[in-house]
Amino acid sequence: MADPPVRAAPRATFQITVNGEARRVDVDLRTTLLDLLRETLGLSGTKKGCDHGQCGACTVLVDGVRINACLSLAVMHEGQQVTTIEGVGLPPDLSPLQRAFLERDAFQCGYCTPGQICSALGMLEEVRRGEPSQETLDLVAEIVPLTDAEIRERMSGNICRCSAYPQILEAIRDVAGPLGAGA
Amino acid sequence: MRPFTYERAESASGAAKSAAETPGARFLAGGTNLLDLMKLEIERPAHLIDVGRLPLARIEETPDGGLRIGAVVSNSAAASDRRVRTRYPVLTHALVAGASPQLRNKATVGGNLMQRTRCAYFYDPAKPCNKRDPGAGCSALGGDARGNAILGASEACVAVHPSDMAVALAALDAAVETVAPAGRTRTIPIDALHRLPGETPHVETSLEPGELVTAVVLPPPPEGRQEYRKVRDRASYAGGLFSLALAGGRLALGAVALKPWRATQAEAALAAGATPAEAADAELAAARGTGRNAFKITLARRVVVDALEGGPTR
């Protein structure tokens with residue numbers, strides 16, 4: 001009996017905006033958002049750590065909200081706005097949070113850093129919107145005080161195996177501004 | 001990952017119809033659990049029906065003073081909704097006790113209910129698992145089943161349901177709205193949605209093939225205290241070893257069974273004037289360990305008693 005014909009995996013063509021630039025892409029449907037960014041678009045700043053949503057290295061912002069790019073199909077993001085670390089800032093025009101990471105020495109190997117920074121930017125927006133965490137004791141209050149315990153809890157989806165956590169906390173606190181007044 | 005075809009659903013009933021008509025179809029919402037399992041080839045759908053953009057992302061008041069939470073509302077949005085926070089704090093506390101912020105931003109309320117167990121043997125394709133491969137056997141029995149079930153388990157499966165949110169929904173007496181392939185809608189009490197394993201642990205819910213969860217409905221909030229407690233190996237971003245949701249006179253236990261466990265025995269005992277310890281004993285009389293998880297019976301008893309006595313939550 002002849003072998004069954006080998007069929008190409010189904011593909012999709014769609015538009016997605018990455019770091020403000022509209023891109024038309026054609027990918028195997030199985031392509032994750034993470035692989036689209038790194039392999040198709042060459043934006044290797046976003047890192048692949050575990051590829052299973054456990055480490056946070058692949059954190060990017062989609063329509064301003066932080067997610068794990070590894071646990072999403074690229075095609076699910078048709079028409080949406082994705083921001084990666086390259087869109088946050090490139091030398092010499094670094095963002096305040098990127099400068100704070102440098103000033104506080106908030107990394108050793110640096111592999112988790114793009115995810116930490118994108119995650120922290122999304123986290124600060126969540127706090128500005130008053131979203132609670134499990135550290136938030138008063139669910140009725142309009143304003144969430146950004147204590148150190150709140151920052152630690154809200155950043156628990158990003159693992160740093162060099163354990164630069166104290167410096168990451170300091171860097172985030174540096175840019176939190178008035179949000180961190182409760183610290 | 002195995003190849004699959006993909007469609008973006010335009011209506012809930014259309015999605016259900018397509019799911020019934022397309023062999024190997026699965027619904028895709030946030031994807032945080034399904035895509036993880038597809039990478040491991042534990043899930044091998046031939047077709048994905050993306051329901052993530054259906055107009056089911058609203059939270060609205062119901063005429064009786066409850067809330068209807070659309071199935072594709074994110075876990076974060078549900079936890080942050082001001083009505084949920086003020087009237088159903090146990091639900092917010094349960095939601096923010098689960099997963100990580102990134103996952104909660106992506107995961108949906110419907111997907112949270114439909115997520116699959118985190119039993120290590122279910123996740124390891126090299127090991128027999130009746131849930132993955134019916135009839136293969138259960139490796140967790142006699143294995144390192146530290147986190148597994150102490151209530152409602154069977155010889156075929158000792159896994160637990162991983163959801164925190166569902167435990168709060170059980171204590172709130174919530175219901176789930178669905179649409180079936182023929183367009184018929186129905187409302188399923190949360191307690192009837194998930195099934196205990198019995199001899200068919202691969203059949204996880206009472207949903208029919210193609211039936212899609214469209215909303216979670218909360219009745220008016222009960223009078224009295226609401227509380228969620230979770231015990232785990234680290235303080236954040238870890239599955240529960242035991243959890244508990246209190247809402248008025250209702251009590252539900254998490255991480256003890258393959259479904260959120262409504263503690264009806266304890267509730268009845270309390271209503272008849274029993275002490276917290278007597279109520280806990282009434283509920284846990286049927287609890288059985290399967291080896292390394294036997295400590296969970298003691299753990300459950302202590303947490304139930306402390307919560308009923310009104311001890312501090314942290």
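Chain letters run A, B, ... following the sequence lines, proteins first, then strands; residues in each count from 1.
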With rounding to the nearest 0.5 Å, note down the distance linking [atom1] in [X] to [atom2] in [Y].
| X | Y | atom1 | atom2 | answer |
| --- | --- | --- | --- | --- |
| B:S100 | A:M155 | OG | CE | 10.5 Å |
| B:Y6 | A:R11 | OH | CZ | 16.0 Å |
| A:H52 | B:T32 | NE2 | OG1 | 13.5 Å |

Could you tell me whether a side-chain N or O of B:Q102 sits under 3.5 Å from a main-chain N or O of A:C58, the two making a donor and an acceptor?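 No, the answer is negative, given that no donor and acceptor are paired below the 3.5 Å cut-off.
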With distance as the sole test, does A:R66 use its side chain to make a donor-acceptor pair with the main-chain N or O of B:N105 at under 3.5 Å?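 Such a contact is absent between A:R66 side chain and B:N105 backbone.
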If you count heavy atoms of other groups shown closer than 6.0 angstrom to [atom1] of [X], is the number above 12?
| X | atom1 | value |
| --- | --- | --- |
| B:E10 | CD | no |
| B:R225 | CZ | yes |
| B:E41 | CD | yes |
| B:L40 | CG | yes |

B:A235 and A:Q134: which non-hydrogen atoms are nearest, and at how many Å?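 Taking B:A235 first and A:Q134 second, the nearest heavy atoms are O-NE2, 2.9 Å.
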Check A:P132 against B:A79 and note the closest heavy-atom contact, atom names and distance.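 Distance-wise, the nearest heavy atoms are CG-O, 3.7 Å.
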Measure the shortest side-chain to side-chain distance between [X] and [Y] over non-hydrogen atoms and say whether it is less than 4.5 angstrom.
| X | Y | result |
| --- | --- | --- |
| B:R8 | A:E78 | yes |
| A:S133 | B:P101 | no |
| B:H93 | A:L139 | yes |
| B:L28 | A:L73 | yes |
| B:L35 | A:T32 | no |

At a 4.5 Å cut-off on heavy atoms, which part of [X] comes close to chain B: side chain, backbone, both, or neither?
| X | value |
| --- | --- |
| A:M76 | both |
| A:V75 | both |
| A:A141 | backbone |
| A:S156 | both |
| A:E126 | side chain |

Should B:S80 and A:R129 be marked as a side chain to side chain contact (heavy atoms under 4.5 Å, CB included) after you check the CA-CA gap, both sets of side-chain angles, and the distance that decides it? CA-CA 9 Å; B:S80 303; A:R129 288 195 296 268; over 6 Å; no
Output, in order, the C-alpha distance, side-chain angles, deciding distance and verdict of side chain to side chain contact (heavy atoms under 4.5 Å, CB included) for A:E142 and B:R82. CA-CA 9 Å; A:E142 299 278 341; B:R82 198 142 284 284; 3.9 Å; yes
Out of A:G122, A:A8, A:C70, A:G56, which one racks up the most heavy-atom pairs below 4.5 Å with chain B?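 The answer is A:C70.
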Could you check which of A:T59, A:V65, A:D28, A:L29 has the highest count of heavy-atom pairs closer than 4.5 Å to chain B?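 Heavy-atom pair counts peak at A:L29.
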Is [X] close to chain A through its backbone or its side chain, or both, or neither, when contacts mean heavy atoms under 4.5 Å?
| X | result |
| --- | --- |
| B:R234 | neither |
| B:L34 | neither |
| B:D50 | side chain |
| B:L48 | side chain |
| B:A29 | backbone |
| B:A99 | neither |

Among B:R2, B:K39, B:K230, single out the residue with the greatest number of heavy-atom pairs under 4.5 Å to chain A.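 Between B:R2, B:K39, B:K230, the count favours B:K39.
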Run A:L71 and B:K106 through side chain to side chain contact (heavy atoms under 4.5 Å, CB included) and show every step you take. CA-CA 9 Å; A:L71 285 187; B:K106 190 85 175 355; over 6 Å; no
With side chain to side chain contact (heavy atoms under 4.5 Å, CB included) as the test, would you mind laying out the steps for A:N158 and B:Y237 before giving the verdict? CA-CA 10 Å; A:N158 292 81; B:Y237 197 12; over 6 Å; no
